Amino acid sequence: MAVVLPPRRLRAVYRRLHARYGPQHWWPARTPFEVIVGAVLTQNTAWSNVERAIANLEAAGALTPEALLALPLPELAALLRPSGYFNVKAGRLRAVCHWYVAAGGHGRLRRWSGGRLRTALLGLYGVGPETADDILLYAFDRPVFVIDAYTRRLFARLGLIVGDEPYAALGAAFEQALGADAPLFNEYHALIVRLAKEACRPRPRCAGCCLRRLCPSAV
DNA sequence: TACCAGGAGAAAA
DNA sequence: TTTTCTCATGGT
């Protein structure tokens with residue numbers, strides 16, 4: 001199923017979001033490895049809960065792949081508890097860390113092609129297309145457009161997509177329309193998330209806000 | 001109390 | 001091949 005998106009409208013949406021919210025400086029992490037950890041932990045989970053789990057990892061000195069792998073699985077799961085699905089995510093994080101360390105860490109991985117990186121990530125337990133693209137874009141600066149629930153909701157609301165298109169078709173459509181531009185994709189996705197979070201906050205005047213047409217909560 | 005949140009994998013149909 | 005179920009905490 002091929003999806004075609006109008007480049008001018010996509011850029012117009014971006015300009016409006018950027019004008020309203022400004023640069024977001026994403027991903028909210030200090031190291032590429034922390035991006036990877038956050039990408040796994042945020043699966044179907046509010047970011048506020050992910051922050052608690054990352055704080056636990058940091059307090060335990062486990063925010064490096066080697067330190068994380070040294071933790072017994074039950075102990076790791078206990079640290080991840082606030083992020084939900086903690087038993088599942090503990091196993092997923094360990095799988096990613098095993099690969100990360102075996103591959104030689106960020107220094108070596110950053111020299112891999114985007115295609116090779118994506119194939120490797122998708123082969124890992126617990127890494128699906130969205131998590132892989134989060135990692136590719138925000139940990140490795142590769143030009144992939146992340147398709148998450150917010151993105152589907154927003155562009156379906158704008159009438160540009162239906163919303164249930166296959167992940168790969170939507171990703172390809174955004175990348176085709178906007179061109180391979182990692183800094184743009186970085187900022188665009190961050191702005192979509194910012195909009196969604198803003199829209200989800202109770203605001204008495206939300207119904208009249210200038211971005212009502214972009215507001216997922218107004219759907 | 002009930003529902004939802006930045007998915008993914010396994011099992012069932 | 002597609003759909004459904006499971007994993008789980010914290011905020012509203």
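Letters A, B, ... are given to chains in the order of the sequence lines, protein chains preceding strands, and every chain is numbered from 1. Quantities reported herein were computed from a predicted structural model and do not represent experimental measurements.
- Here A:Ser83 pairs with nothing under the side-chain hydrogen bond (donor to acceptor under 3.5 Å, both in side chains) rule; sequence neighbours left out.
- For residues 119-131 of chain A, the pairs satisfying side chain to side chain donor-acceptor pair (under 3.5 Å) are A:Gln43-A:Thr131, with sequence neighbours left out.
- The list of ring pair (Phe, Tyr, Trp, His ring centres under 6.0 Å) pairs with a residue in residues 178-198 of chain A, not counting sequence neighbours, reads A:Tyr14-A:Tyr188, A:Trp26-A:His189, A:Phe145-A:Phe185, A:Phe145-A:Tyr188.
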Could you pull out the protein-nucleic contacts involving nucleotides 9-13 of chain B (nitrogen or oxygen on both sides, under 3.5 Å)?
unit_1: B:dG9; atom_1: OP1; unit_2: A:Leu124; atom_2: O; d: 3.4
unit_1: B:dG9; atom_1: OP1; unit_2: A:Gly126; atom_2: N; d: 2.9
unit_1: B:dG9; atom_1: OP1; unit_2: A:Val127; atom_2: N; d: 3.4

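- Within the 4.0 angstrom heavy-atom criterion, only backbone atoms of the sugar-phosphate kind lie near A:Asn87; the bases stay farther away.
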The contact string for nucleotides 1-6 of chain C, one letter per nucleotide 5' to 3', using protein heavy atoms under 4.0 Å with B, S and - for base, sugar-phosphate only and none, comes out as ------
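- Phosphate proximity of B:dC4 to A:Arg153: absent, as no side-chain N or O sits under 4.0 Å from OP1 or OP2.
- Distance, A:Trp47 CH2 to B:dC4 P: 23 Å, rounded to whole Å.
- The salt bridge (Lys or Arg N to Asp or Glu O under 4.0 Å) contacts involving residues 169-186 of chain A comprise nothing, where partners must be two or more places apart or lie in separate chains.
- Qualifying salt bridge (charged side-chain N to carboxylate O under 4.0 Å, His left out) partners for A:Asp133, counting only residues two or more places apart in sequence or in other chains: A:Arg118.
- Here A:Asp148 pairs with A:Thr151 under the side-chain hydrogen bond (donor to acceptor under 3.5 Å, both in side chains) rule; sequence neighbours left out.
- Listed by residue number, the members of residues 170-185 of chain A with any heavy atom below 4.0 angstrom from DNA chain B form an empty set.
- Nearest to the side-chain atoms of A:Arg52 among the listed nucleotides B:dA5, B:dG7, C:dG10 stands C:dG10.
- A heavy-atom distance below 4.5 Å is found between the side chains of A:Leu109 and A:Leu117.
- No contact: A:Ser83 has no heavy atom under 4.0 Å from any strand.
- When each of C:dG11, C:dT9, B:dG7 is scored by its nearest atom to the side-chain atoms of A:Glu130, the top-ranked nucleotide is B:dG7.
- Within the structure, the ring pair (Phe, Tyr, Trp, His ring centres under 6.0 Å) test picks out the following pairs touching residues 81-101 of chain A (sequence neighbours left out): A:Phe33-A:Tyr100.
- Across the P atoms, B:dA8 and C:dG10 are found 22 Å apart, a figure rounded to whole Å.
- Following rounding to the nearest Å, A:Ile147 (CD1) and B:dA8 (P) show an atom-to-atom distance of 12 Å.
- The A:Pro82 side chain lies nearest to C:dG10 when the options are C:dG10, C:dC7, B:dG7.
- The salt bridge (Lys or Arg N to Asp or Glu O under 4.0 Å) analysis of residues 83-94 of chain A, with sequence neighbours excluded, yields no pairs.
- Nucleic acid contact class of A:Val88 (heavy atoms, under 4.0 Å, all strands): sugar-phosphate only.
- Heavy-atom contacts from other residues, nucleotides or ligands closer than 6.0 Å to CD of A:Gln24 number more than 12.
- Between B:dA10 and C:dT9, the distance separating the two C1' atoms is 22 Å to the nearest Å.
- C:dA8 and B:dT1: their P atoms are spaced 22 Å apart (whole Å).
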Side-chain donor-acceptor pairs of residues 56-78 of chain A under 3.5 Å, sequence neighbours excluded:
unit_1: A:Asn56; atom_1: ND2; unit_2: A:Leu79; atom_2: O; d: 2.9
unit_1: A:Glu58; atom_1: OE1; unit_2: A:Arg30; atom_2: NH2; d: 3.1
unit_1: A:Glu58; atom_1: OE2; unit_2: A:Arg30; atom_2: NH1; d: 3.1
unit_1: A:Glu58; atom_1: OE2; unit_2: A:Arg30; atom_2: NH2; d: 3.2
unit_1: A:Thr64; atom_1: OG1; unit_2: A:Ala67; atom_2: N; d: 3.1

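- Between A:Asn44 and B:dG7, a side-chain N or O to OP1/OP2 separation shorter than 4.0 Å is present.
- For the pair A:Leu79 CG and C:dT9 P, the interatomic distance rounds to 15 Å; values are reported in whole Å.
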